[in-house]
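In what follows, chains are A, B, ... by sequence order, proteins preceding strands, each numbered from 1.
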2 protein chains.
Amino acid sequence: MNAEAPPPPRSADETAGLAAARSPRAARPKVAVDTVVFAVEGGRLKTYLVQLRHGAARGRWAFAGGLVRIGEMLDEAARRELFASTGIRQAYLEQLFTFGDPSRDPRAHVVSVAYMALIADARTAAAPGGKYQDGRWFEVSALPALAYDHLQMAEYALGRLKAKLEYTNIACNLLPETFTFAELEALYAMILKRPIDRRNFRRRILSMGILRRLPATRRGAHRPAALYSFARRAPQVVEML
Amino acid sequence: MNAEAPPPPRSADETAGLAAARSPRAARPKVAVDTVVFAVEGGRLKTYLVQLRHGAARGRWAFAGGLVRIGEMLDEAARRELFASTGIRQAYLEQLFTFGDPSRDPRAHVVSVAYMALIADARTAAAPGGKYQDGRWFEVSALPALAYDHLQMAEYALGRLKAKLEYTNIACNLLPETFTFAELEALYAMILKRPIDRRNFRRRILSMGILRRLPATRRGAHRPAALYSFARRAPQVVEML
DNA sequence: CCAAAAGTGTTGGCTCTACACCCATGA
DNA sequence: TCATGGGTGTAGAGCCAACACTTTTGG
């Protein structure tokens, strides 16, 4: 997040921050969190952006975020802002990197701890309330111009997601409770942006033992597909040797 | 770092922070950096700790750190505090993780961005000036009780270092300009805490093409060893496929 | 019976590991 | 000449990538 000067500042301290930006010796940098949310919708990887209502970057899009409050854990702050801005309550959350360039927000020195969030169902996100003009999902491959250094955050988050697909069960956070192998494969192929050999992929994933085969099948237009779920939803590093 | 209440507070704001800890609504969390420095000395992996002079954790050991100033980049702050506390000027620096538990420092809510620093020569660190009582190198495998959550930082840093030894040229930051293969091998074996097959190791490293063989040799008590240096000192991810 | 997606095995190449002996030098 | 650390090669196992056909269902 960044100092977006919420129209009614929550406390005297918040306006003090702006004054401080003008007389730098008088204040400390502020701490914010920003969260890059990913979800898959319509076979595309998407991320939720909010449109800023105030400030120099007004009208620009950004990731949901906000200042960390005294006494608050960083991930609590990320969850609070995520819920306030998108309505998302449950999400896998992971700290990415902390961006601290004092010029990243032209109005104040705001150090932002970037998080990545993953959700299984993009429809749990609703348009935000008062803080932002608008909010909606964008395809990751077609983002609008982003405010602040949020493009860097987007790239960092995508890189982390790709990397962790290869050696963890992180994909479980982007899929519904049950899914078919074809869906899992499509997820990998889409995010990694490369074709995947179905037979090798199936063998590799099954050998990790992170999936549970369900007795049910999904019936569609053609041959029914076996349903699977992840054996553990807890984060897990997988040996691929 | 943490709010160590430097005896003469640098500004009115700094004392305000302590007051704020008592009336949480009035202030924002502060931002600090803490740096875990690693160096190899006497065939051991060591890290530099400073002994706190003030505060509840007085007398405890901690990593060098301090508050980030307005207008300052995070890594600049880390370098500044590192130099002030250890005299180290040049170091490889890498951001690790941001620790934000509001209770990590009992006196104030301080969000700390942890860094890892690597240096080639432990002797470039000198005992610190006024901020700390003492400062010296400790073997990583025999750390004293650490203040705050600095044990977590130590573990995180060591984990990162081990991981990156395997797929980057990060080791170059812990070695002098030139070195023998035996020295490189000893470094890996020591940090990874496992024996390394000399022949396989040599083949693997050479196949990465990150080393340059120098014409010179090092003469010692026995057969002279060929000298090497890293072809690139810039961070580099190595394909080990 | 046709279209479409699901499901299944094998092979060759390559990488990794395990392992033991000779070499060059100083003392 | 001996002690010490430096330097080298090979063979077997296991992993990975490449590759195409059969099965099951709905229409």
Side-chain angles (χ1 to χ4, degrees), chain A residues 40 42-43 162-163 165-168 171 175-176 178-230 237-241, chain B residues 40 42-44 162-163 165-168 171 175-176 178-190 192-230 237-241:
Chain A
V40 176
K162 283 182 181 177
L165 272 188
E166 308 261 19
Y167 66 93
T168 72
L175 285 170
T178 69
F179 51 89
T180 67
F181 233 105
E183 288 163 350
L184 181 63
E185 184 193 322
L187 179 76
Y188 272 76
M190 179 208 3
I191 297 179
L192 298 179
K193 278 195 179 140
R194 63 172 138 94
I196 287 184
D197 181 275
R198 200 181 341 152
R199 289 158 293 185
N200 294 336
F201 180 74
R202 179 182 292 253
R203 190 177 25 247
R204 211 158 53 101
I205 298 284
L206 287 178
S207 76
M208 294 176 203
I210 59 177
L211 293 189
R212 213 174 20 153
R213 183 168 196 155
L214 304 179
T217 57
R218 169 165 306 164
R219 309 190 68 82
H222 300 289
R223 176 174 177 174
L227 283 175
Y228 290 82
S229 69
F230 279 89
V237 173
V238 178
E239 276 309 316
M240 293 210 171
L241 286 185
Chain B
V40 176
R44 306 283 183 167
K162 283 182 181 177
L165 272 188
E166 308 262 19
Y167 66 94
T168 73
L175 285 171
T178 69
F179 50 89
T180 68
F181 234 106
E183 289 164 349
L184 182 64
E185 185 193 323
L187 179 77
Y188 271 77
M190 179 209 1
L192 298 178
K193 278 195 179 142
R194 63 172 138 94
I196 287 184
D197 182 276
R198 202 184 338 155
R199 289 159 293 187
N200 294 336
F201 179 73
R202 179 181 292 253
R203 192 175 26 244
R204 211 159 53 102
I205 298 284
L206 287 179
S207 76
M208 294 176 201
I210 60 177
L211 293 189
R212 214 172 23 150
R213 183 167 196 158
L214 303 180
T217 57
R218 169 165 305 166
R219 310 190 68 82
H222 299 289
R223 175 175 177 174
L227 283 175
Y228 290 84
S229 70
F230 278 90
V237 172
V238 179
E239 277 308 317
M240 293 211 171
L241 286 184

Inset, instruction - With DNA chain D as reference, determine whether B/R203 or B/A182 sits nearer its 5' end, using the nearest nucleotide of each. - result: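 Comparing both residues, the 5'-ward one is B/A182.
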
Legend entry - Partners passing salt bridge (charged side-chain N to carboxylate O under 4.0 Å, His left out) against B/R218 (at least two apart in sequence or in another chain):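 For B/R218 the salt bridge (charged side-chain N to carboxylate O under 4.0 Å, His left out) partners, ignoring immediate neighbours, are B/E183.
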
Whole-Å gap separating [atom2] ([N]) and [atom1] ([X]):
{"X": "B/E183", "N": "D/dG5", "atom1": "CD", "atom2": "C1'", "answer": "12 Å"}
{"X": "A/R204", "N": "D/dA18", "atom1": "CZ", "atom2": "P", "answer": "12 Å"}
{"X": "A/H222", "N": "C/dA3", "atom1": "NE2", "atom2": "P", "answer": "11 Å"}
{"X": "B/I205", "N": "D/dT8", "atom1": "CD1", "atom2": "P", "answer": "15 Å"}
{"X": "B/R202", "N": "C/dC21", "atom1": "CZ", "atom2": "P", "answer": "19 Å"}

Legend entry - Any residue of residues 212-221 of chain B with a heavy atom less than 4.0 Å from an atom of DNA chain C: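 B/R219, B/G220, B/A221 - these, ordered by number, are the residues of the stretch whose heavy atoms sit under 4.0 Å from the strand.
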
Which residues pass the side-chain contact (heavy atoms from CB on, under 4.5 Å) test with [X], sequence neighbours left out?
{"X": "A/S207", "value": "none"}
{"X": "B/R213", "value": "B/A226, B/Y228"}
{"X": "B/P176", "value": "none"}
{"X": "B/A225", "value": "B/T180"}

Inset, instruction - Tell me which residues in residues 194-201 of chain A put a heavy atom below 4.0 Å from DNA chain D, sorted by number, or none. - result: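 Going residue by residue through residues 194-201 of chain A, the ones with a heavy atom under 4.0 Å of DNA chain D turn out to be A/D197, A/R199, A/N200.
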
Inset, instruction - Kindly say whether, by distance alone, the side chain of A/R223 makes a donor-acceptor pair under 3.5 Å with the base of C/dA6? - result: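 Yes, the side chain and the base share a sub-3.5 Å donor-acceptor pair.
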
Legend entry - Backbone of A/L165 reached by a side-chain donor or acceptor of A/Y188 within 3.5 Å: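 Confirmed, A/Y188 side chain pairs with A/L165 backbone.
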
Inset, instruction - Please identify each residue that fulfils side chain to side chain donor-acceptor pair (under 3.5 Å) with A/R203, with sequence neighbours left out. - result: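 With neighbours one apart ignored, the set is A/N200.
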
Legend entry - Partner residues of B/R212 under the side chain to side chain donor-acceptor pair (under 3.5 Å) criterion, sequence neighbours left out: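 If we apply the side chain to side chain donor-acceptor pair (under 3.5 Å) test to B/R212, skipping adjacent residues, the hits are B/S229.
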
